[in-house]
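Input: a single structure, listed below in structure tokens.
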Amino acid sequence: MTTRVRFAPSPTGYLHIGATRSGLFNYLYARHMGGKFLLRIEDTDLQRSTEESTRSILEGLRWLGLDYDEQIVFQSDNADKHRAAALELLEAGKAYRDFTPKETVSGVNIKEAIADRARAAQGEKSMRDNQYRHLSKEESETKANAGEPFAIRLKVPETGKSSFEDAVYGLQERDYAEIEDLVLLRSDGHPLYNLAVVCDDIEMRITDVIRGQDHLTNTHKQILIYEALGKTPPRFAHLPLILAPGGKKLSKRIHGEIVSMTTYRAAGFLAAAFRNFLALLGWSAGEEREIYNLNELIEKFSLEHIHRSNAVFNFQENDPRHWTDDKAIWMNAEYIRTMPLADLIPLVKAELKQTKLWREEYEDDDKLWFEKTVDLIRERFFTLKDFSNQGRAYFSEDFDFDEKAVDKNLRKFPDLQTWLPELADRLESVEDFTHDNLETVIKQFTEEKATKFGVIMNGARSLLTGLAVGPSMLAVFETLGREKSVLRLRSQVAWNL
RNA sequence: GGCGCAUUCGUCCAGUGGUUAGGACGCGAGGUUCUCAACCUUGAAACAGGAGUUCAAUUCUCCUAUGCGCUACCA
């Protein structure tokens with residue numbers, strides 16, 4: 001049987017980092033097994049679902065390279081089928097009409113209200129004491145025909161227990177006494193999540209359900225529905241959750257855009273790097289390696305190596321240097337500095353285009369120069385954004401001077417204000433504007449001025465790049481070339497700030 | 001409250017009935033260098049606690065603690 005898995009996000013906001021990881025694992029599993037990776041948008045929550053969100057999810061998946069098979073399924077399109085399934089179960093006597101007036105729980109602390117209610121009902125509560133559970137078919141129909149509103153609930157067996165073998169968590173058991181007669185169809189006719197999921201998974205012929213551990217206990221309910229419907233449940237694999245520092249839930253409301261995939265793309269992360277990082281949250285190939293390209297991930301991935309404890313997505317909110325997980329930042333830098341240059345170039349191009357720094361010559365007359373320059377500066381960069389920020393002086397005459405750099409490398413040595421233009425004169429006439437030659441000339445210049453090589457170089461760095469940090473200055477000179485180097489050494493702009 | 005799941009350095013991930021419990025990120029120190037967030041070397045850093053099984057337990061079992069999840073006519 002061909003493996004068929006699905007990623008089923010609900011379009012209520014941006015693509016969440018945890019959901020993305022579920023999507024990735026599903027994708028890796030499908031590709032590893034040579035199966036299908038399907039996409040289903042669970043848009044049954046009409047109030048909260050938006051098209052904008054769906055678009056954002058699709059974009060995120062495309063960015064990460066998680067291409068899906070077949071047609072996207074929109075859950076809301078199947079509402080009729082879900083209803084039909086509920087009615088079928090009602091007809092078969094496996095479900096019943098519950099005429100209990102709808103009790104609305106609302107407010108911010110829904111979870112607490114539910115827990116309170118459960119606490120209050122402790123002891124006297126039996127999951128099977130619903131008075132309508134045993135209503136005769138005739139009576140039930142009479143009431144329904146009279147227009148009394150009703151929900152449809154599944155008849156969960158009185159005794160026994162539900163069990164399944166989870167591919168990650170092992171044997172799972174739950175006593176039927178712990179499971180209430182769950183509602184399949186609301187009194188307004190809308191199908192509920194557990195029913196919808198089961199119906200769709202059946203319809204889509206899903207063989208393996210890989211999803212967050214928050215569904216682990218729900219699974220028993222779903223299996224009950226499969227059984228009532230006379231279908232064989234798929235194999236289940238639950239994933240550990242991704243939590244915020246301190247082991248708390250990672251939420252949009254509390255943690256903001258740090259949980260959104262769009263943030264990482266906008267911040268200059270490489271899809272390959274972030275995907276790699278995400279793959280290692282809750283899974284490992286069982287070896288001490290961490291850098292894997294997509295094909296390697298696909299090849300190595302297996303459910304057996306998913307582990308059971310939740311992972312913490314580590315970041316420090318008020319520290320710009322650790323604004324997101326250190327390892328993600330490190331991995332991004334690692335990719336930038338070690339990936340094939342040819343793969344990096346298009347990404348840098350996109351970044352420069354976006355910031356209006358791109359020039360067509362970079363693909364034409366200046367192609368070699370551009371590649372060489374990117375190769376030179378990428379060594380110290382962490383994100384693609386760095387190419388347009390820290391790297392700006394390589395691509396434009398319009399760059400800023402870092403105040404600290406000017407203080408430290410220029411103002412501190414007032415002589416440089418005359419020396420550097422002098423050096424410009426010297427460089428203007430140097431016959432070969434290359435590394436070794438420049439070194440000889442500048443060393444000599446340094447001796448004449450009885451100063452340190454570093455003083456000249458750092459001063460030049462600040463003037464040429466606006467920064468106090470960067471690649472070897474000889475390489476910077478060479479890259480910027482004679483004309484620009486000379487011009488910038490003579491410029492008084494930084495001195496007059 | 002009930003039920004379920006989990007617990008190895010700060011974080012991510014290895015690992016074994018007998019190991020100096022390993023790697024990575026981050027952090028500290030030193031080095032290299034014209035600067036640096038790069039590079040090299042190096043340091044600190046963990047088996048939640050208690051019982052039991054065993055010659056031996058981080059590894060197996062139980063209890064406790066803690067965290068998380070579910071407990072809804074939400075998804």
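Below, chains carry the letters A, B, ... as their sequence lines are ordered, and counting in each starts from 1.
Taking the P atom of each, B/rC62 and B/rG28 are spaced 44 Å apart, rounded to whole Å. Comparing the same atom, P, in B/rU42 and in B/rC36 gives a spacing of 22 Å after rounding to whole Å. Across B/rU8 and B/rG49, the matching P atoms stand 11 Å from one another, rounded to whole Å. B/rU58 and B/rA46 have their C1' atoms separated by 10 Å, given to the nearest Å. Here the separation of B/rU11 from B/rA44, taken at their C1' atoms, is 16 Å to the nearest Å. With P as the reference atom, B/rU53 and B/rU66 are 27 Å apart, rounded to whole Å.
Cation-pi geometry between A/R153 and A/Y96 is not satisfied (NZ or CZ under 6.0 Å from the ring centre, within 45° of the ring normal).
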Evaluate the criterion side-chain hydrogen bond (donor to acceptor under 3.5 Å, both in side chains) for residue pair A/Q75 and A/D200; output intermediate values, then yes/no. CA-CA 7 Å; A/Q75 189 158 67; A/D200 288 350; 2.8 Å; yes

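Across all strands shown, A/K452 has no heavy atoms under 4.0 Å from either base or sugar-phosphate atoms. The residue A/G282 sits close only to the backbone: its heavy atoms come under 4.0 Å of sugar-phosphate atoms, none of a base. If you check every strand for non-hydrogen atoms under 4.0 Å, A/S187 touches a base. If you check every strand for non-hydrogen atoms under 4.0 Å, A/N218 touches a base. Using a 4.0 Å heavy-atom cutoff across all strands shown, A/H307 reaches sugar-phosphate atoms only and no base atom. Among the atoms of the strands shown, only primed sugar atoms or phosphate atoms (P, OP1, OP2) are found under 4.0 Å from some heavy atom of A/H322. A/E290 comes within 4.0 angstrom of a base, heavy atoms only. Using a 4.0 Å heavy-atom distance criterion, A/K161 is classed as making no nucleic acid contact.
Not a single donor-acceptor contact under 3.5 angstrom links the side-chain atoms of A/T217 to the base of B/rC3.
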Where protein sits on nucleotides 29-48 of chain B, one letter per nucleotide: B base, S sugar-phosphate only, - none, heavy atoms under 4.0 Å: -----BBBBSS---------

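Of the residues in residues 7-21 of chain A, A/S10 come within less than 4.0 Å of RNA chain B through at least one heavy atom, sorted by number.
Secondary structure note: stems in RNA chain B built from 3 or more consecutive Watson-Crick or G-U wobble pairs under 3.5 Å occupy B:1-7 with B:65-71, B:10-13 with B:22-25, B:27-31 with B:39-43, B:48-52 with B:60-64.
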